[in-house]
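As the structure lists them, so they are numbered: ligands from 1, and atoms in each ligand from 1.
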Amino acid sequence: MRIVFFGSPGSGKGTQANELATGYSLTHVSTGELFRAKVLDSTRIGRRIGDTIAAGSLVDDITANYVLFKAIEGLNRFLVDGYPRNVAQARMFDVHLDNMGTKLTCALFLDVPIEVAEERLILRRTQRHDKVENYRRADDAPAVIHHRFDVYRKQTKPLIQYYSDRIIKVDGTGSPTEVTHKIVKALRKWE
Ligand code: AMP
């Protein structure tokens with residue numbers, strides 16, 4: 001099973017991706033997590049990625065493709081969360097998988113109304129990996145949220161059309177458990 005998982009910021013894809021990866025024994029690859037780890041390196045490229053994330057913009061396609069392709073090397077069962085973020089990445093991913101003699105099983109889209117997603121983002125706190133205190137992700141700052149939605153609408157949403165032949169749309173409203181049930185039900189026909 002090879003799945004890409006996408007949705008707007010605040011759609012809950014990170015939470016759901018964790019659940020599904022565990023439930024289906026898939027390797028969970030989150031490009032957001034991979035990039036946040038690179039920021040901690042304090043290298044020139046790490047700082048550049050950190051600035052891009054903090055601004056709510058997308059890391060360039062060459063870097064995103066490179067990081068993702070390396071992360072899935074040798075894997076046959078994976079769930080990718082946060083990639084592709086635009087149609088150019090999706091095309092490159094299809095070409096890459098084709099060269100590897102494989103293809104995606106499906107693209108899972110978590111559908112959440114923008115107002116609900118925005119509200120969730122504003123409230124979101126994540127646990128810092130090295131500290132006990134709660135903190136707000138830099139890109140969850142109210143000023144950046146607006147830009148992230150703009151990027152989503154212009155660049156990521158067109159993936160719905162691109163993946164129209166293999167998309168599974170799931171209503172992402174409700175409690176995390178309810179959403180997981182809906183996804184599992186929707187995935188049954190692709191297993
Ligand atoms: P996420 O955790 O998926 O919300 O990603 C956090 C940030 O990492 C995004 O706002 C982008 O700046 C960057 N990012 C993650 N995945 C990608 C990608 N596939 N292409 C470009 N930038 C990405």
Side-chain angles (χ1 to χ4, degrees), residues 2-21 26-41 43-73 75 78-97 104 107-112 114 116-129 135-160 162-163 172 176:
R2 291 161 302 279
I3 302 178
V4 291
F5 197 15
F6 70 105
S8 72
S11 61
K13 65 183 162 54
T15 308
Q16 294 301 329
N18 273 321
E19 285 295 320
L20 292 175
L26 305 171
T27 303
H28 177 195
V29 180
S30 154
T31 43
E33 289 299 327
L34 292 171
F35 287 142
R36 281 188 284 277
K38 284 216 178 298
V39 174
L40 298 176
D41 290 349
T43 55
R44 199 161 54 85
I45 185 162
R47 279 192 293 276
R48 185 164 55 79
I49 291 172
D51 290 346
T52 307
I53 293 176
S57 299
L58 292 183
V59 174
D60 67 280
D61 289 346
I62 292 174
T63 306
N65 293 338
Y66 175 78
V67 166
L68 189 272
F69 297 170
K70 205 158 178 295
I72 60 156
E73 220 169 67
L75 298 177
F78 58 74
L79 185 150
V80 177
D81 144 30
Y83 178 98
R85 275 305 224 274
N86 58 32
V87 171
Q89 290 181 10
R91 286 211 177 95
M92 277 311 296
F93 196 24
D94 276 342
V95 171
H96 180 75
L97 290 175
L104 282 181
L108 197 54
F109 170 58
L110 205 49
D111 197 4
V112 172
I114 295 288
V116 176
E118 266 176 335
E119 179 69 25
R120 283 183 185 171
L121 269 199
I122 287 163
L123 294 174
R124 178 157 77 183
R125 295 284 190 282
T126 48
Q127 203 77 31
R128 199 175 200 159
H129 78 289
Y135 83 119
R136 193 196 289 268
R137 245 171 72 167
D139 56 343
D140 279 351
V144 181
I145 288 177
H146 180 75
H147 179 57
R148 288 172 68 200
F149 277 99
D150 214 35
V151 169
Y152 168 74
R153 264 187 294 266
K154 290 188 183 131
Q155 303 210 43
T156 310
K157 220 173 162 201
L159 291 176
I160 297 173
Y162 179 82
Y163 284 128

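- Formation of a donor-acceptor pair under 3.5 Å by the Gln16 side chain with backbone atoms of Pro176 is found in this model.
- Close approach of ligand 1 to Arg36 is summarised as follows: ligand atoms under 4.0 Å from at least one heavy atom of the residue are 2 (O), 6 (C).
- Of all heavy-atom pairs between Gly56 and Val151, the closest is O-CG2, 3.8 Å.
- Every atom of ligand 1 is numbered from 1 in the order shown, and the set under 4.0 Å from a heavy atom of Lys13 is 3 (O).
- Considering backbone and side-chain atoms together, Asp81 places no N or O closer than 3.5 Å to any N or O of ligand 1.
- Interface of Ile53 with ligand 1, defined as ligand atoms under 4.0 Å from a residue heavy atom, comprises 7 (C), 8 (O), 12 (O).
- Counting heavy atoms from C-beta outward, Phe6 and Tyr163 have side chains that approach closer than 4.5 Å.
- Residues Asp94 and Tyr162 form a side-chain contact, since some pair of their non-hydrogen atoms from C-beta on lies under 4.5 Å apart.
- If you look at Phe35 next to ligand 1, the close heavy atoms, those under 4.0 Å, all belong to the side chain.
- The contact set between ligand 1 and Gln89, taken as ligand atoms under 4.0 Å from a residue heavy atom, comprises 18 (C), 19 (N), 20 (N), 21 (C).
- Taking any N or O of Glu33, backbone or side chain, none lies under 3.5 Å from an N or O belonging to ligand 1.
- Contacts between Ser57 and ligand 1 below 4.0 angstrom, taking non-hydrogen atoms only, involve the backbone exclusively.
- Using modelled atom types, one side-chain atom of Thr31 and one backbone atom of Gly82 make a donor-acceptor pair closer than 3.5 Å.
- Of the N or O atoms in Arg85, one or more lie within a sub-3.5 Å distance of an N or O in ligand 1.
- For Thr52, no nitrogen or oxygen atom sits less than 3.5 Å from a nitrogen or oxygen atom of ligand 1, counting backbone and side chain alike.
- Paired with Val4 under the rule side-chain contact (heavy atoms from CB on, under 4.5 Å), one option of Leu79, Leu68, Asp81, Val80 passes, and it is Val80.
- Note: an N/O pair closer than 3.5 Å links Val59 and ligand 1 by distance alone.
- Looking at ligand 1, you'll find an N or O of Gly82 within less than 3.5 Å of one of its N or O atoms.
- Arg91 has no carboxylate O lying under 4.0 Å from a charged side-chain N of Asp61, or vice versa, which leaves the two without a salt bridge.
- In this structure, Phe35 and Thr52 have side chains that are not in contact, with every pair of non-hydrogen atoms separated by 4.5 Å or more.
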